[in-house]
Amino acid sequence: MFEIIDGDFKNSKYSDEEYLNNWPMLYILENGKEAYIGESNHVKTRMFQHAASDEKRIFEKVHFIYSKMFNQSVTFDYESKLIQYIVADELFQVTNKNSGIADKKYYQKKEYDEKFEILWRKLQKEKLVKHSLEEIENSDLFKYSPYKELNDSQRKAVEDILKKMKDGAVNRIVVNGMPGSGKTIVAVYLMKYLTDSEEFNGKQIGFVVPQTSLRKTMKVIFKSIYGLSPSQVLSPSDVTRKHYDILLADEAHRLHQYKNISYMGSFKKNCEKLGLTTEADELDWVLHQTDCAVLFYDCMQVVGPSGIDFDRFNKKLEYSLTNRMIAYFTLTTQMRVQGGNDYIDFLNNIFSGNCTKKYKSDNYDLRLYTDFPAFERDMYEKESEVGLTRMLAGYAWPWISKKDQTARDIEIQNVKRMWNHCTEGWVHTKEAIDEIGCIHSIQGYDLNYAFVIFGKDIGWDKVAGEIIVRPENYYDQNGKRTAEYGDLLEYIKNIYYVLMTRGIKGTYLYICDDDLREYLSDYIEGV
C-alpha cells in the first residue's frame, strides 16, 4: 500500500521511478537528529529547490513515500499528521514551522485516517519512527504540540489574533473557552508561530503558566520543540524580572491575588519591585510587564478565593492602564471530551439543577457507581486497556499522608487510598494509578478515563432542589478561608466541573452523599 524510496539528498542522487517526477507524494528529510516533512506533486524538483536553501543543507537523506492511492488532499492531510506524530515520537527534532496546519476535510477522509496507521507501522519497520500511535497519543507532547491540527473555531481565532497583533490594533487579547476547547493548544500554537515568524523576530516573548505542575510539563515540551526553549516558560514571579514585548498567559484564571496563598512574603516583594501594592495581583504583573498580553481564561475554572474571578478579571483589563485596546475571542468547540458540547451542556444542567433527561451518548461513557470496590476494579481495567486512567476527588478528606506516607487518607467501603504524593507531573508518575488526584494535580491535564469521587463536601437539598456544599467537610484551608458560603458553593461546583471534564473517552462517578447520588441517578446510567 505504501512504498518508501530512499534518496541521497546531500549529493542529489535519486532513483528513476517515474512517479518521483509527477505524482502527489510525501517526503522526510533527515540527518539522524533533525527532520523536515513535506509533500509535493514533483518531489525530485522539490529536492533541488530545497538544496538551494541554506536551512535545508543540514539534511543528508530523504525518504520518499509513495502510494498509488495518493491524491493531493491526502498528501496535505498526511503531511500534517506526520508532522504531529513525528514531533511527539521524539526520534527527530522536526524543523517545520506550524503555519497552515489545520483539520482538513476531503472525500473518503475516514478511510484514509484508518490507512494512516498502516503507513505508521511501515515507518516503524524502516526505523524512521519509534513509538506506536497509541503511545504517542497518550503523551503530553502530542496533546500540547504546536503542530496540532486546529479546528475551525481555533483556526479562525488564531488568524484573527495574529492579524490584530501584526496590525498593532490591540494590546490586550482575551481568549475564553470551556474546559477542553483547546485554549492551551492555541496558546502553544501561537507561541511557536510568533517565535518562528520573521515579523516578530527579535521580540521578547514569554509563555506564562501559573500552575507549578503544568509549568514543569510545558518546559519539557518546549525543550523538545525545534525553535522553542524551556526558558520561555515563565512563572508569574519570573514575569516581574524584565519587560516583554508579548506575554501569553495560559490558564489565566489560576493567577493569584494576595489572598489565601502560602508565599505572601515573595508576593509582596514582587509587587514592591513593580511599584504596586498588595491590592494588585499576578494578572497586574503580567499586564504591567508587557506591551501585548494574550490571556487564556475560563471563569468556571476558578477554584478558590486566591483565583481571578470574572468581575476582578474584567475590571483589571478595563482599568489597569489607559489607552489599551482589547479584543475578545471565544473557542466554542469541545476538543477533549468525545461527548462534545452536549456533554458540557449536560454538566452545566446538572450543577444548576436544571436537568430534564438522562444522559445518552454513543461517543462518551458516563456511569454512576454504588459499589466502590467495583469502581476501583474497573479503573484498573481501563488503565490496562488504554492507559492514562486516574481516580480523582474533591478535597473532602484531610491530607494526613502528607506527614505520614504510610497513612491512607480516604476510606470508602473498606477500600483505602491516599492522596497524590506530589502535584508536579503527578498524572505520569508510576504511583498515580494507586492514588487519588486532587484538583491541584489534575487541572490542565487530559485523561482517557476519569474516575471521579464526589465527597461529602457537596450534596443535594431535596426540598430546595439544588446543589449544596458543606464547608465543614471541605479540607482545602486556602480554598475556603475568607470565602462566604455563596463563593464556596461556586468554587466547589467548579472543582467537580473541572474533574468531570478531564476524561477524553469517559467519566465514571462515585457519590458519597446519598441524596446527591439519588438525584444524579435520575440522569446518569447506573452500573
Side-chain angles (χ1 to χ4, degrees), residues 84 101-105 109-110 113 137-138 140 142-146 148-161 174-190 214 250-254 296-303 310 328-352 354-367 386 388-390 392 427 439 442-452 493-509 523-525:
Q84 287 183 77
I101 292 180
D103 187 13
K104 303 171 180 69
K105 305 296 182 187
K109 183 179 188 302
K110 185 178 179 183
D113 283 344
E137 287 168 358
N138 278 344
D140 284 333
F142 180 78
K143 294 177 190 298
Y144 299 119
S145 169
K148 294 289 283 186
E149 293 179 341
L150 303 180
N151 62 35
D152 289 343
S153 174
Q154 294 170 320
R155 180 179 50 77
K156 180 71 166 59
V158 164
E159 289 172 354
D160 289 348
I161 289 167
V174 178
V175 182
N176 292 295
M178 60 188 153
S181 58
K183 294 185 295 298
T184 300
I185 289 170
V186 169
V188 178
Y189 185 99
L190 282 170
L214 190 58
D250 192 28
E251 304 271 339
H253 40 271
R254 291 302 303 264
F296 297 83
Y297 184 78
D298 180 6
C299 64
M300 291 189 67
Q301 293 195 59
V302 178
V303 296
F310 179 76
Y328 291 89
F329 298 90
T330 301
L331 303 179
T332 57
T333 304
Q334 175 56 228
M335 286 189 65
R336 176 192 296 132
V337 176
Q338 291 178 356
N341 289 19
D342 288 346
Y343 176 72
I344 301 299
D345 291 342
F346 174 79
L347 290 189
N348 288 328
N349 288 332
I350 279 288
F351 287 113
S352 63
N354 293 324
C355 243
T356 58
K357 58 183 179 181
K358 187 163 279 191
Y359 180 79
K360 292 187 183 300
S361 173
D362 294 331
N363 302 316
Y364 199 72
D365 203 3
L366 178 64
R367 304 183 193 178
V386 297
L388 211 55
T389 298
R390 299 290 180 265
L392 314 170
V427 168
I439 183 67
I442 197 65
Q443 194 165 14
Y445 286 92
D446 294 351
L447 300 171
N448 284 323
Y449 288 93
F451 281 69
V452 179
K493 286 200 294 185
N494 285 356
I495 287 169
Y496 285 107
Y497 174 77
V498 171
L499 298 183
M500 289 187 71
T501 54
R502 298 304 95 192
I504 297 169
K505 301 173 184 292
T507 298
Y508 298 161
L509 303 178
Y523 307 109
I524 301 173
E525 200 66 51

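Both backbone and side-chain heavy atoms feed into the values below; hydrogens, waters and symmetry mates do not.
Using a 4.5 Å heavy-atom threshold, the side chains of P179 and D298 count as touching. Between F346 and M500, the closest side-chain pair of non-hydrogen atoms is not below 4.5 Å. Residues Y496 and L347 are not in side-chain contact: their nearest non-hydrogen atoms beyond the backbone lie 4.5 Å or more apart. V427 places a side-chain heavy atom less than 4.5 Å from the side chain of L388. Two residues are said to be in side-chain contact when any heavy atoms from C-beta on lie closer than 4.5 Å; M300 and M178 fail this criterion. Using a 4.5 Å heavy-atom threshold, the side chains of F296 and T184 count as separate. Side-chain contact between Y445 and D140: present, with at least one pair of heavy atoms (C-beta onward) separated by less than 4.5 Å. Within the 4.5 Å cutoff, side-chain heavy atoms of I504 are placed close to those of Q338.
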Where do L214 and Y144 land on the side-chain contact (heavy atoms from CB on, under 4.5 Å) test, with the steps shown first? CA-CA 11 Å; L214 190 58; Y144 299 119; 4.1 Å; yes
Before giving the answer on side-chain hydrogen bond (donor to acceptor under 3.5 Å, both in side chains), spell out for Y508 and D365 the whole-Å C-alpha distance, their side-chain angles and the decisive distance to 0.1 Å. CA-CA 8 Å; Y508 298 161; D365 203 3; 2.5 Å; yes
Decide yes or no on side-chain contact (heavy atoms from CB on, under 4.5 Å) for V386 and N138, but give the supporting numbers first. CA-CA 9 Å; V386 297; N138 278 344; 5.8 Å; no
Could you please spell out the steps behind the side-chain contact (heavy atoms from CB on, under 4.5 Å) verdict for K143 and R336? CA-CA 10 Å; K143 294 177 190 298; R336 176 192 296 132; over 6 Å; no
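Looking at E251, its side chain never comes within 3.5 Å of a backbone N or O of R254 through a donor-acceptor pair. Between the side chain of T330 and the backbone N or O of T332, no donor-acceptor pair lies under 3.5 Å.
Minimum interatomic distance between T507 and V452 (heavy atoms only, all atoms of both residues): CG2-CG2, 4.1 Å. A pairwise comparison of heavy atoms in H253 and V302 identifies CB-CG2, 3.8 Å as the closest pair. Taking every heavy atom of both residues into account, K357 and Y523 meet most closely at O-CD2, 3.6 Å. Here the closest non-hydrogen pair linking A450 and L499 is CB-O, 4.1 Å. Among all heavy-atom pairs drawn from N341 and T333, the shortest one is OD1-C, 3.9 Å. Counting all heavy atoms, side chain and backbone alike, C355 lies closest to I350 at SG-CD1, 3.7 Å.
Counting heavy-atom neighbours within 6.0 Å of K156 NZ, excluding the residue itself, gives a total of 12 or less. Heavy-atom neighbours of F310 CZ from other residues, nucleotides or ligands within 6.0 Å: at or below the threshold of 12. At most 12 heavy atoms of other shown residues, nucleotides or ligands fall within 6.0 angstrom of atom CG in D362.
Here the straight-line distance linking atom CD1 of I524 with atom NZ of K360 works out to 12.5 Å at 0.5 Å rounding. The CD atom of Q154 sits 12.0 Å away from atom CD of E159, with the distance rounded to the nearest 0.5 Å. In this structure, CG in N176 is found 7.5 Å from SG in C299, a value given to the nearest 0.5 Å. In this structure, the separation between CG on N349 and CD1 on I344 is 11.5 Å, given to the nearest 0.5 Å. Atom CD in E137 sits 12.0 Å away from atom CG in D446 (nearest 0.5 Å). How far CG of L392 is from CD1 of I442: 5.0 Å, rounded to the nearest 0.5 Å.
Aromatic ring orientation, Y343 versus Y359: perpendicular (interplanar angle above 60°, classes split at 30° and 60°).
Considering only residues two or more places apart in sequence or on other chains, Q84 meets the side-chain contact (heavy atoms from CB on, under 4.5 Å) condition with F142, Y147, K148, E149. Not counting sequence neighbours, R502 has no partner by the side chain to side chain donor-acceptor pair (under 3.5 Å) test. Every residue was checked against the salt bridge (Lys or Arg N to Asp or Glu O under 4.0 Å) condition with K505, not counting sequence neighbours, and none meets it.
Of the charged side-chain nitrogens involved, none lies within less than 4.0 Å of a carboxylate oxygen, so that D113 and K110 do not count as a salt-bridged pair.
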